[in-house]
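Everything numeric here is computed off the predicted structure, so don't read it as measured data.
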Amino acid sequence: MRRVLTLVVGTLLCVAMPRAAAADILLTPFAGVSFVDENTKKMTYGATLSLGGLIGFEGELARTSLAEASLRGTPIDLNAHVTTGMVNVVARFPTGPLQPYATAGLGVIRATGSADVPALGPALSISGRTFGMNYGGGLYVFPSKSIGIRGDIRYFRTVGDLTLKGAADLFDIDLPVPDFDFWRITGGVTLRF
């Protein structure tokens with residue numbers, strides 16, 4: 001009887017012991033809205049790749065379309081975009097199907113724009129980049145082991161001035177833009193490996 005009791009207690013202890021924490025690899029393509037100012041909401045899309053458990057790292061690349069329109073009464077097309085590339089530290093509570101997280105990091109914010117005239121091509125193009133920062137948080141929901149949903153809200157800001165450099169056929173321009181910031185809300189499907 002003593003051997004059986006020892007075997008049962010030993011088995012229960014082995015089953016009840018927590019397993020070693022395993023690092024997750026999370027890939028999340030996403031889409032959402034960036035709030036460039038109080039009245040302007042713009043479509044954004046991108047992807048993140050996260051590595052880790054309770055504390056991890058994340059790489060993110062996203063693009064926001066600021067303007068894609070034709071000037072009224074002219075054949076000129078305007079295009080402007082902001083691209084962000086960030087490396088973040090992530091604190092995530094990887095227990096159960098609901099996993100809240102907080103994130104913060106640094107990277108690059110790049111702005112590009114062009115005015116295109118039919119038959120002539122780009123009449124004016126500008127671009128610039130500077131260092132940026134972001135912070136935010138969200139929630140992963142995993143109804144299954146390998147597929148989930150992520151909701152995210154983040155704040156982005158340039159660190160220093162963003163100087164747009166442009167060129168047309170006849171002149172160069174430099175346009176300093178003061179601190180540039182925006183909020184972003186996204187949702188996406190997460191694949192867990």
- Taking the six-membered ring for Trp, is the centroid-to-centroid distance between W183 and Y155 below 6.0 Å?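 Yes, ring centres under 6.0 Å apart.
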
- For the ring pair Y45 and F30, is the centre-to-centre distance below 6.0 Å?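 No, the ring of Y45 stays outside the 6.0 Å limit from the ring of F30, centre to centre.
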
Are any non-hydrogen side-chain atoms of [X] and [Y] less than 4.5 angstrom apart?
X	Y	result
L106	V87	no
I147	V189	yes
V90	F57	no

- Message: With a 6.0 Å cut-off (strictly less than), is the heavy-atom count around CZ of R192, excluding the residue itself, greater than 12?
- Response: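 Enclosed.
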
Write down the atom of [X], the atom of [Y], and the distance for their closest heavy-atom approach.
X	Y	result
G105	N88	CA-OD1, 3.0 Å
A91	I55	CB-CD1, 4.0 Å
P143	G148	CD-CA, 4.1 Å
G53	P94	C-CG, 3.9 Å
M86	G107	SD-N, 3.4 Å
A62	T44	CB-OG1, 4.4 Å

- Query: Could you go step by step and tell me if R92 and L54 meet the side chain to side chain contact (heavy atoms under 4.5 Å, CB included) rule?
  - Reply: CA-CA 5 Å; R92 176 172 60 99; L54 180 61; over 6 Å; no

Distance in Å, [X] [atom1] paired with [Y] [atom2], rounded so as to fall on 0.5 Å steps:
X	Y	atom1	atom2	result
I153	Y135	CD1	OH	10.0 Å
E60	S50	CD	OG	9.0 Å
H81	R110	NE2	CZ	11.5 Å
I109	N134	CD1	CG	8.0 Å
Q99	L139	CD	CG	8.5 Å
T40	L66	OG1	CG	9.0 Å

- Message: Using side chain to side chain contact (heavy atoms under 4.5 Å, CB included), reason through S65 and K42 one step at a time and then give a plain yes or no.
- Response: CA-CA 6 Å; S65 175; K42 296 296 182 178; 5.7 Å; no

- Item | Full working for side chain to side chain contact (heavy atoms under 4.5 Å, CB included) between F156 and M133 | CA-CA 6 Å; F156 291 82; M133 55 156 282; over 6 Å; no

- Query: Should the pair F182 and F180 be assigned to parallel (<30°), tilted (30 to 60°) or perpendicular (>60°) ring geometry?
  - Reply: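 Rings of F182 and F180: tilted, 30 to 60°.
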
- Sidechain-backbone polar pair: D181 side chain, R157 backbone, donor-acceptor under 3.5 Å: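 Side chain of D181 to backbone of R157, a donor-acceptor pair under 3.5 Å: no, none is there.
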
- Message: Assess, by modelled atom type and distance only, whether the side chains of S127 and T112 contain a donor and an acceptor separated by less than 3.5 Å.
- Response: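 No, T112 and S127 have no side-chain donor paired with an acceptor closer than 3.5 Å.
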
- Query: Which of these, D152, D24, T28, sits in a side-chain contact (heavy atoms from CB on, under 4.5 Å) with Y140?
  - Reply: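 The residue from D152, D24, T28 that satisfies side-chain contact (heavy atoms from CB on, under 4.5 Å) with Y140 turns out to be T28.
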
- Query: So among T84, T83, V82, which one has a side-chain contact (heavy atoms from CB on, under 4.5 Å) with R63?
  - Reply: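 Between R63 and the candidates, side-chain contact (heavy atoms from CB on, under 4.5 Å) is satisfied uniquely by T83.
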
- Carefully, step by step, assess Y101 and F93 under the rule ring-ring contact (aromatic ring centres under 6.0 Å, His included). CA-CA 6 Å; Y101 66 92; F93 300 99; over 10 Å; no

- Task: Quick one: do L191 and L26 satisfy side chain to side chain contact (heavy atoms under 4.5 Å, CB included)? Show the steps, please.
- Result: CA-CA 6 Å; L191 304 174; L26 305 173; over 6 Å; no

